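Dumping the structure here so I can ask a few things about it.
In this text, all values refer to a predicted model and were calculated from it rather than measured experimentally. We use all heavy atoms of the structure for the numbers below, so side chains are in, but hydrogens, waters and symmetry mates are not.
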Protein chains: 2
Amino acid sequence: MTATAPRPPEASGPRAQTSFRTIKTEILRRIRDRIWQPGELIPGEEELAREFGCARVTVNRALRELAQIGIVERKRRAGTRIAEHPLREARLEIPVVRVEVEALGAQYRFAVLSRETLAAPEAMRARLDLSGDVRMLHLRCLHFADNRPWQFEDRWINLAAVPDIEPETFETISPNEWLVKNAPFSEMEIALSATAATTEEAELLGIAKGDPLFVFERTTWLLDQPLTHVRMLHRPDYRMVSRF
Amino acid sequence: MTATAPRPPEASGPRAQTSFRTIKTEILRRIRDRIWQPGELIPGEEELAREFGCARVTVNRALRELAQIGIVERKRRAGTRIAEHPLREARLEIPVVRVEVEALGAQYRFAVLSRETLAAPEAMRARLDLSGDVRMLHLRCLHFADNRPWQFEDRWINLAAVPDIEPETFETISPNEWLVKNAPFSEMEIALSATAATTEEAELLGIAKGDPLFVFERTTWLLDQPLTHVRMLHRPDYRMVSRF
DNA sequence: AATTACGATATGTATGTACATAATTGTCAA
DNA sequence: TTGACAATTATGTACATACATATCGTAATT
């Protein structure tokens with residue numbers, strides 16, 4: 001005797017399984033239609049399973065996924081309730097520039113504008129919590145999409161933390177990708193803002209001085225050791241989009 | 001005979017179940033330690049289940065959740081591989097303006113600049129995938145931190161989806177907070193960009209025309225029904241920061 | 001009255017099994 | 001060579017079941 005009883009042969013169609021997706025949608029519908037209000041306790045898994053004619057595990061998965069995106073809140077013994085404050089966090093994907101450009105169907109190219117090894121300037125030491133003499137690699141790159149300037153990247157790399165990068169010439173691989181592949185990090189800080197283009201920045205990006213630029217800064221650490229700080233400037237028509 | 005064979009009595013401890021969490025952690029460890037490189041195909045669920053001494057479903061759950069956060073990529077028949085570009089994702093908390101301002105120790109205040117109910121203009125219909133006659137509530141608000149303009153909010157609300165908001169006067173609660181409390185959503189799209197202040201925007205925010213503005217747009221849906229679209233403009237000195 | 005212990009209960013998760021589905025690979029014919 | 005189609009295979013998901021675990025209410029104890 002097998003564990004699962006043979007499913008009753010459905011009259012027609014390939015199957016009449018109750019998908020956890022169906023349940024998710026139905027629950028969302030009930031929320032939308034105010035059948036279940038925010039804060040309200042909804043029936044238990046067992047009861048819902050009976051109602052939907054499926055196994056409890058299936059209801060469980062539906063509810064678990066709804067809890068994951070903050071629609072409902074669950075507690076053992078206490079049951080499941082519609083979230084009162086669906087306070088949610090947006091997940092912002094941080095793509096590799098090349099991938100981002102290629103995803104648009106454009107051709108990607110980058111150029112290293114300058115490269116120098118030097119002692120960390122005071123501002124960078126402060127930003128990265130570095131003290132004493134620290135050698136850093138300073139890179140300035142321009143990224144193109146179909147030969148149109150796409151992003152200007154100003155990057156500082158802590159050579160003590162990433163020594164392998166010093167001999168790299170970046171002829172085939174960009175610093176961005178080199179680091180993604182070779183320098184895992186455990187912590188990251190990002191800052192988003194807007195600024196006005198300086199004369200130099202405007203020239204590089206092919207826009208006018210004073211035009212608004214979208215600024216994306218990122219600093220990464222491995223444990224407590226700072227790895228790199230990068231400031232990326234985008235043309236005013238750039239939009240960073242994320243949907244979920 | 002029951003479906004599940006009695007578990008072999010573990011020598012000690014409460015249980016030696018193979019948790020999907022254990023598997024997730026172990027897989028992450030193997031990625032971190034470069035045992036499995038980005039792009040690499042990892043063993044199938046069956047084999048991993050054998051290795052970890054657990055059911056395939058358990059491995060499935062671990063891998064499914066890792067796929068959800070972008071660590072691995074899965075395709076039927078093709079197997080599971082480590083994501084090539086571990087797109088680290090930044091988690092941006094969706095702040096309620098008031099909370100954001102108060103977190104800085106500043107006093108929060110807001111003003112509704114205008115409020116009108118009207119048929120959705122073409123641009124908004126297009127953006128929200130709405131068709132036909134749709135009544136919308138259009139609100140323009142200014143948020144202050146210590147009486148200094150902090151954010152200009154331009155919001156469109158789909159009244160068909162959120163009818164309860166129509167009588168609300170927003171004298172004590174901002175549209176932002178009202179919606180957070182009363183209108184759960186299941187999908188969201190956010191877009192970040194930079195733009196130049198128009199004359200009116202500059203005046204409202206107390207800056208000069210053409211100054212760069214940080215733009216945060218958000219659209220939310222419940223199921224397929226659009227709820228609201230909001231465009232938030234910030235002064236050039238604003239920085240949206242997230243660390244993790 | 002306050003504290004503790006305990007039982008009831010809802011969710012959490014592991015397992016074996018069965019079948020669904022997508023995608024690749026191989027096969028054969030045009 | 002190519003195109004159509006079938007076989008193969010890894011993942012996807014449903015189900016019955018069993019047990020784990022957190023937590024709430026209540027009863028027993030201090």
Starting at atom CD of A:Glu73, determine the distance to atom C1' of C:dA10, rounded to an integer number of angstrom.
->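 Distance, rounded to whole Å: 16 Å.
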
Is the distance from OP1 or OP2 of C:dA14 to the nearest side-chain N or O of B:Ser19 less than 4.0 Å?
->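 Answer yes for this pair, as a side-chain N or O of B:Ser19 is under 4.0 Å from OP1 or OP2.
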
More than 12 heavy atoms of other groups within 6.0 Å of B:Gln37 CD = yes

Residue closer to the 5' end of DNA chain C, B:Val57 versus B:Arg61 (nearest nucleotide) | B:Arg61

note: A:Leu63, atom CG; D:dA14, atom P; distance rounded to Å ~ 13 Å

Using whole Å, report how far CG of B:Leu48 lies from P of D:dG12.
-> 13 Å

A:Arg56 side-chain N/O to D:dC15 phosphate OP1/OP2 under 4.0 Å |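 Checking A:Arg56 against D:dC15: no side-chain N or O falls below 4.0 Å of OP1 or OP2.
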
What residue among B:Arg98, B:Glu100, B:His234, B:Gln151 forms side-chain contact (heavy atoms from CB on, under 4.5 Å) with B:His143?
-> B:Gln151

Could you check how far CD of A:Gln68 sits from C1' of C:dG12, rounded to whole Å?
->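 Going from A:Gln68 (CD) to C:dG12 (C1'), I get 13 Å.
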
Grab the CG-P distance between B:Asn60 and C:dT17 for me, whole Å please.
-> 17 Å

Angle class for the A:Tyr238/A:Phe214 ring planes (parallel below 30°, perpendicular above 60°, tilted otherwise)?
->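 Aromatic pair A:Tyr238/A:Phe214 classed tilted.
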
In whole angstrom, what separates B:Arg50's CZ from C:dA14's C1'?
->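 Computing the B:Arg50:CZ to C:dA14:C1' distance gives 19 Å.
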
Could you pick out which residue, A:Cys54 or A:Arg77, lies toward the 5' side of DNA chain D when each is mapped onto its nearest nucleotide?
->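 The residue whose closest nucleotide sits nearer the 5' end is A:Cys54.
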
Under 4.0 Å between a side-chain N/O of B:Thr58 and OP1 or OP2 of C:dT15, yes or no?
-> yes

DNA chain D: 5'-proximal contact among A:Ala55 and A:Lys75 (nearest heavy atom) =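 Per heavy-atom nearest nucleotide, the more 5' residue is A:Ala55.
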
Using whole Å, report how far CD of A:Glu46 lies from P of C:dA8.
-> 16 Å

How many Å lie between CZ on A:Arg76 and C1' on C:dT11, as a whole number?
-> 6 Å

Look at the side-chain N and O atoms of A:Thr80 and state whether any lies under 4.0 Å from the OP1 or OP2 oxygen of C:dT11.
-> yes

Is B:Arg50 paired with B:Glu47 through a side-chain N to carboxylate O contact shorter than 4.0 Å?
->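 Salt bridge: no.
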
B:Ser193 side chain to A:Arg239 side chain, donor-acceptor N/O pair below 3.5 angstrom | no

